[in-house]
Amino acid sequence: MNMKKRLCLFRMLEVHAHTESCRAARFINGGRAILTGSPDCLILATDVETGSTIARLDDAHEAAINRLINLTESTVASGDDEGCIKVWDIRERSCCNSFNAHEDYISDITFVSDAMKLLATSGDGTLSVCNLRRNKVQAQSEFSEDELLSVVLMKNGRKVVCGSQTGIILLYSWGCFKDCSDRFTDLSSNSIDAMLKLDEDRIITGSENRIINLVGILPNRVIQPIAEHSEYPVECLAFSHDRKFLGSISHDQMLKLWDLDNILQGSGNTQSNEAGAVDSDDDAMDLDDDPSKNSKGNKRKNANNGNALGGSNNFFSDL
């Protein structure tokens, strides 16, 4: 692809943070620190300039950690291979919420700040809603007969969009999570491993077939292919801090950056709203307060789906 700008990246620091593979990473504190999770069950915050440890959570989970997301300036959520989600107070180095939400690995988590809820997808084929105020799994979808691998909130908080192992995109209406309200089947027959919200009407998807697509939601349509990463599945997508570049990673051990201004020219203007407003009234959640567990999915992803790039929040400001 012809890019308008050429970027040169140089390795500035190498830190051996974990005894096993690094499955999840998030830039935090304005990019001055990085938070990592690993199968060694350790969550570590490292200063990116010095390589020194800022914060350390030993035995954070009983199973391998494969997901990390930023919540507030002082909290972060993690997910593991056995379906457990935990919320951590970084200042206190303590767990403030714990949810046994799923029976298989946590594939993706999205934070709904207005409602103080976590949306999580899992290899057991379900979508869960974790209420941070009540510290309980407030709702859970029926088993979809397919692993759910990615989740984003769209349409100003009215729709939850999930990517699946078979390439189908499932849409759930907020407050009605038992069954999906719509299914988009025309994208690909390959798994949708990563989804990134561009604006309230469009997402960027990364798939097992190596293709990165721009996809419209309601109306559901493939707007245009964006790029082909390599001969391996696209495992993660993220924006640069100024949203001018799209980053993608795969099993080729390469980070690729795509010029969004060039790619999206003529496809419509982007919006900067990352999460739509959601009614925080718990009565809007017309689902079981004590959802039953569902059967596990038939297939399990061998590759992890932890984000390698993330937004920045002012963590550790009080440390």
Side-chain angles (χ1 to χ4, degrees), residues 66-67 69 79-85 99-112 117-131 136-155 157-197 203 205-209 213 215-218 220-222 233-235 237 285-306:
N66 57 26
R67 199 70 183 173
I69 66 164
D80 68 27
D81 272 358
E82 293 184 355
C84 178
I85 299 172
F99 307 96
N100 292 314
H102 296 276
E103 296 183 1
D104 210 332
Y105 69 99
I106 301 298
S107 57
D108 201 5
I109 308 173
T110 289
F111 178 47
V112 187
K117 294 179 175 67
L118 296 178
L119 302 175
T121 51
S122 169
D124 65 10
T126 65
L127 166 72
S128 67
V129 182
C130 300
N131 190 320
K136 68 177 183 178
V137 181
Q138 185 166 335
Q140 193 161 14
S141 71
E142 295 180 349
F143 177 53
S144 65
E145 299 183 357
D146 196 4
E147 294 182 17
L148 300 184
L149 304 179
S150 46
V151 57
V152 294
L153 183 66
M154 300 189 66
K155 298 295 181 179
R158 297 191 304 272
K159 292 293 180 179
V160 178
V161 183
C162 299
S164 72
Q165 174 77 28
T166 57
I168 297 173
I169 293 179
L170 286 73
L171 280 69
Y172 295 85
S173 297
W174 185 265
C176 303
F177 292 101
K178 280 296 183 184
D179 197 8
C180 63
S181 59
D182 196 7
R183 295 162 63 91
F184 180 30
T185 62
D186 297 333
L187 177 58
S188 171
S189 60
N190 298 273
S191 65
I192 303 172
D193 296 333
M195 292 197 306
L196 191 61
K197 177 179 175 179
I203 58 174
T205 64
S207 182
E208 188 179 22
N209 66 359
N213 283 304
V215 177
I217 298 297
L218 296 177
N220 302 328
R221 60 198 176 98
V222 179
V234 177
E235 289 298 319
L237 298 169
M285 305 292 293
D286 55 346
L287 294 174
D288 297 338
D289 282 341
D290 185 20
S292 59
K293 293 294 183 180
N294 297 280
S295 301
K296 292 184 179 180
N298 294 325
K299 295 178 288 184
R300 181 178 180 85
K301 292 286 288 180
N302 291 324
N304 76 83
N305 289 288

Should Lys159 and Ser173 count as side-chain neighbours, where that means a heavy-atom distance under 4.5 Å? yes
Would you indicate whether the side-chain heavy atoms of Leu218 and Lys155 approach each other to under 4.5 Å? yes
Looking at Ile217 and Met154, what are the two nearest heavy atoms and their distance? CG1-SD, 3.8 Å
So, using side-chain contact (heavy atoms from CB on, under 4.5 Å) as the criterion, who are the partners of Ser207 when residues are at least two apart? Ser188, Asn190, Asn209
When rounded to the nearest 0.5 Å, the distance separating OG of Ser128 from CD1 of Ile106 is 6.0 Å
Tell me, please, which residues at least two apart from Ser122 pass side-chain contact (heavy atoms from CB on, under 4.5 Å). His102, Asp104, Asp124
Go through Leu119 and Val129 one step at a time and tell me if the side-chain contact (heavy atoms from CB on, under 4.5 Å) criterion holds. CA-CA 5 Å; Leu119 302 175; Val129 182; 3.7 Å; yes
Test side-chain contact (heavy atoms from CB on, under 4.5 Å) on Ile169 and Asn220; report intermediate values, then the result. CA-CA 9 Å; Ile169 293 179; Asn220 302 328; over 6 Å; no
Any residue meeting side-chain hydrogen bond (donor to acceptor under 3.5 Å, both in side chains) with Asp179, in chain and number order, not counting sequence neighbours: none
Does Thr121 reach the main-chain N or O of Ser107 with its side chain, forming a donor-acceptor pair under 3.5 Å? no
In chain order, what residues pass the side-chain contact (heavy atoms from CB on, under 4.5 Å) check against Thr205, with sequence neighbours excluded? Leu187, Ile192, Met195, Ile203, Asn213, Val215
Return yes if some donor-acceptor pair links the side-chain N/O of Ser191 with the main-chain N/O of Asp193 below 3.5 Å, else return no. no
Across all chains, not counting sequence neighbours, the side-chain contact (heavy atoms from CB on, under 4.5 Å) partners of Asp186 are Phe184
Please confirm whether the backbone N or O of Val151 pairs with a side-chain atom of Thr110, one donor and one acceptor, at under 3.5 Å? yes
Is there a donor-acceptor contact under 3.5 Å from the side chain of Lys136 to the main chain of Asn131? no
Using distance alone, with no hydrogens and no angle criterion, decide if Ser141 and Lys178 have a side-chain donor and acceptor under 3.5 Å apart. no
A side-chain contact here means heavy atoms from C-beta on lying under 4.5 Å apart; do Asp146 and Leu170 qualify? no
So, for Cys180 and Tyr172, which heavy atoms are closest and what is the spacing to 0.1 Å? N-CE2, 3.4 Å
Measure across Gly206 and Leu237 and return the closest heavy-atom pair with its distance rounded to 0.1 Å. N-CD1, 3.5 Å
